[in-house]
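Scroll down for the structure; my scribbles are underneath it.
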There are 4 protein chains.
Amino acid sequence: MTQVGGIAGEQLRTFIERIERLEDEKKDVQEQIKEVFSEAKGVGFDIRIMRQLLRLRRLRDADRSEQEELLEVYKAAIGMR
Amino acid sequence: MTQVGGIAGEQLRTFIERIERLEDEKKDVQEQIKEVFSEAKGVGFDIRIMRQLLRLRRLRDADRSEQEELLEVYKAAIGMR
Amino acid sequence: MTQVGGIAGEQLRTFIERIERLEDEKKDVQEQIKEVFSEAKGVGFDIRIMRQLLRLRRLRDADRSEQEELLEVYKAAIGMR
Amino acid sequence: MTQVGGIAGEQLRTFIERIERLEDEKKDVQEQIKEVFSEAKGVGFDIRIMRQLLRLRRLRDADRSEQEELLEVYKAAIGMR
DNA sequence: CTGCCATTTTACCGGC
DNA sequence: GCCGGTAAAATGGCAG
């Protein structure tokens, strides 16, 4: 194995490239999201409102999970398995 | 004014030091928080549960503000001032 | 666009859900990235340094040296060596 | 500690509220820091570079050069010059 | 071009 | 003492 300064260069390069490929994928998805926003805007919806709605829905989900989590943790605390 | 490389060194130093002082203050407050947790733990409370509770309360607050915000934004959207 | 619960409402919901689906996809990809980092970590690479590497590869060389130079100037300004 | 709504509940609430108060304080300090940055920005300093400066001052010199060296090694490993 | 919001990175803390 | 996950800080991107 080629060693540069004690590092397996080939292996490192492979990891880096895998990550960069995944980051590209992510960027693609992000662009699709933007397109949906544009489309919505094009038929008259307000992007600001849409974002606010999305945020609110996320918060609701998070709240629900936190609540469930808290319940679990209480149950554990009083010895319920 | 002393100029080093075109930069007002004295002024920069002052800003940096002000920030560092504030960061120290923040660290102090953080330590007080830790002490409260320790104290609670000492009388038998479960830190994990406490954190969960705090998080839940924060989410509730955030949710409420988001909701109000959304309402505002809807009102604006339909021309209510 | 001011009708609520009608066609526009349905359409808005559709947009929102499309976006949420895409956001889930994005989250998946993000997790895959994390897994690659873990794997790299598992064979001994330093994740923090890998991140720096990725950032450097993203930055145009010009910007990179520009930033480095400015930092030197500031350091000189407050007498850091 | 399993009673709910009794002494323990009251005590728990007190701890939670003390922590929330301290967290508010922390947030205040954080805002003051932001203000100093704004002020600095207002007279022409580059905030990003100031942050780097602060970080450098925090890091022990040893750690600093260690990191820099490791980065060089990795760069060499994947053939970045 | 400015301010705001999301994302990403860094630091911290409790558990093991 | 490390490790994993959680919260804070910093960077980047978008809308107005």
Side-chain angles (χ1 to χ4, degrees), chain A residues 19 22-23 26-27 29-31 33-38 40-41 45-56 58-59 62 65-66 69-70 73 76, chain B residues 19 22-23 26-27 29-31 33-38 40-41 45-59 62 65-66 69-70 73 76-77, chain C residues 19-20 22-23 26-27 29-31 33-35 37-38 41-42 46-56 58-60 63 67, chain D residues 19-20 22-23 26-27 29-31 33-38 41-42 46-56 58-59 63 67:
Chain A
I19 290 167
L22 287 165
E23 280 173 350
K26 221 174 63 171
K27 186 168 280 180
V29 178
Q30 184 53 37
E31 258 155 47
I33 292 174
K34 276 184 68 178
E35 281 163 25
V36 179
F37 274 116
S38 294
K41 186 175 188 175
F45 288 107
D46 182 327
I47 289 190
R48 183 167 157 62
I49 291 183
M50 290 179 66
R51 286 194 189 282
Q52 199 79 23
L53 274 173
L54 285 161
R55 228 175 315 142
L56 198 50
R58 262 192 302 247
L59 278 174
S65 327
E66 286 298 331
E69 185 73 17
L70 182 58
V73 120
Chain B
I19 289 167
L22 287 165
E23 280 174 349
K26 220 173 61 171
K27 186 167 280 181
V29 177
Q30 185 54 35
E31 259 156 46
I33 291 174
K34 273 185 69 178
E35 281 163 26
V36 179
F37 275 117
S38 294
K41 186 178 190 174
F45 289 107
D46 181 329
I47 289 188
R48 182 167 157 63
I49 291 182
M50 290 178 68
R51 287 194 189 281
Q52 198 80 22
L53 275 172
L54 285 160
R55 227 173 318 141
L56 198 51
R57 282 162 70 102
R58 254 179 275 146
L59 278 173
S65 325
E66 286 297 331
E69 186 72 16
L70 181 59
V73 121
Chain C
I19 289 167
E20 284 177 337
L22 288 165
E23 280 173 351
K26 219 173 68 170
K27 187 168 279 180
V29 178
Q30 184 54 35
E31 260 156 46
I33 292 174
K34 275 184 71 177
E35 282 163 25
F37 274 118
S38 294
K41 183 179 187 176
D46 182 322
I47 290 186
R48 168 192 290 259
I49 307 293
M50 286 178 69
R51 288 190 198 283
Q52 283 192 56
L53 216 46
L54 285 160
R55 191 161 355 110
L56 286 179
R58 260 179 257 131
L59 277 182
R60 295 264 329 96
D63 303 333
Q67 281 207 8
Chain D
I19 289 167
E20 284 177 338
L22 287 165
E23 280 173 350
K26 220 173 67 169
K27 187 168 280 182
V29 178
Q30 184 54 36
E31 259 156 47
I33 291 174
K34 275 184 69 177
E35 281 163 25
V36 179
F37 274 117
S38 295
K41 182 179 186 175
D46 181 323
I47 290 187
R48 167 193 290 258
I49 307 292
M50 287 178 71
R51 287 191 198 280
Q52 284 192 55
L53 216 47
L54 286 160
R55 197 166 343 120
L56 285 178
R58 263 181 255 130
L59 277 181
D63 303 333
Q67 281 207 9

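Within every chain, numbering begins at 1; the chains are lettered A, B, ... in the order of the sequence lines, protein sequences first and strands thereafter.
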note = Q67(D) CD to dT10(E) C1', in whole Å, measures 11 Å
note = Looking only at dC13(E), dC14(F), dA15(F), the nucleotide nearest the I47(A) side chain is dA15(F)
key: Whole angstrom value for the distance that separates P of dT7(E) from CD1 of I33(A)   = 8 Å
query = Rounded to whole angstroms, how far apart are CG on L54(D) and C1' on dT11(F)?
reply = 16 Å
ask   = Just how far, in rounded Å, is P of dA6(E) from CD of E20(C)?
value = 13 Å
inquiry  = On the nucleotide dC13(E), are OP1 or OP2 found under 4.0 Å from the side-chain N or O atoms that Q30(B) carries?
reply    = yes
message = Quick check: on DNA chain F, is the nucleotide nearest Q52(D) upstream (toward 5') of the one nearest R48(A), or the reverse? Name the residue that is more 5'.
response = Q52(D)
ask   = Considering only heavy atoms from C-beta outward, does the side chain of E23(D) approach that of I19(D) to under 4.5 Å?
value = yes
query = What's the spacing between I47(B) CD1 and L54(B) CG if we round to 0.5 Å?
reply = 11.0 Å
message = Return whichever of K34(C) or R58(B) has its heavy-atom-nearest nucleotide of DNA chain F closer to the 5' end.
response = K34(C)
request  = Could you tell me whether R51(A) contacts a base, only the sugar-phosphate backbone, or nothing, with contacts defined as non-hydrogen atoms closer than 4.0 Å?
outcome  = sugar-phosphate
inquiry  = Categorize K27(A) for me: base, sugar-phosphate, or nothing, with a 4.0 angstrom heavy-atom threshold over every strand shown.
reply    = nothing
ask   = Within this structure, what is the CE-to-P distance between M50(B) and dG15(E), rounded to whole angstrom?
value = 12 Å
Electrostatic pair K27(C)-E20(C), nearest N-O below 4.0 angstrom = no
task = Assign K26(C) to base, sugar-phosphate, or nothing according to its heavy-atom contacts below 4.0 angstrom with the strands shown.
result = sugar-phosphate
Shortest non-hydrogen contact from E66(A) toward L59(B) = CG-CD1, 3.3 Å
key: Net bend of the helix from dC1(E)-dG16(F) to dC16(E)-dG1(F), end axes of five pairs each, nearest 10 degrees   = 10°
ask   = Roughly, in whole Å, what's the span from CG in D46(C) to P in dC3(F)?
value = 12 Å
task = Please check if any side-chain donor atom of Q52(A) sits under 3.5 Å from a side-chain acceptor atom of R55(A), or the reverse.
result = yes
inquiry  = With a cut-off of less than 4.0 Å, is there a side-chain N or O of R55(D) near OP1 or OP2 of dT11(F)?
reply    = yes
message = Could you tell me if the side chain of L70(B) sits less than 4.5 Å from the side chain of V73(B), heavy atoms only?
response = yes
remark   = Taken to the nearest whole Å, CD/E23(A) to C1'/dG13(F) is 16 Å
query = Would you call K26(D) and V29(D) a side-chain contact if the rule is heavy atoms closer than 4.5 Å?
reply = no
key: Nearest-Å distance for atom pair CD/P, residues E31(B) and dA11(E)   = 17 Å
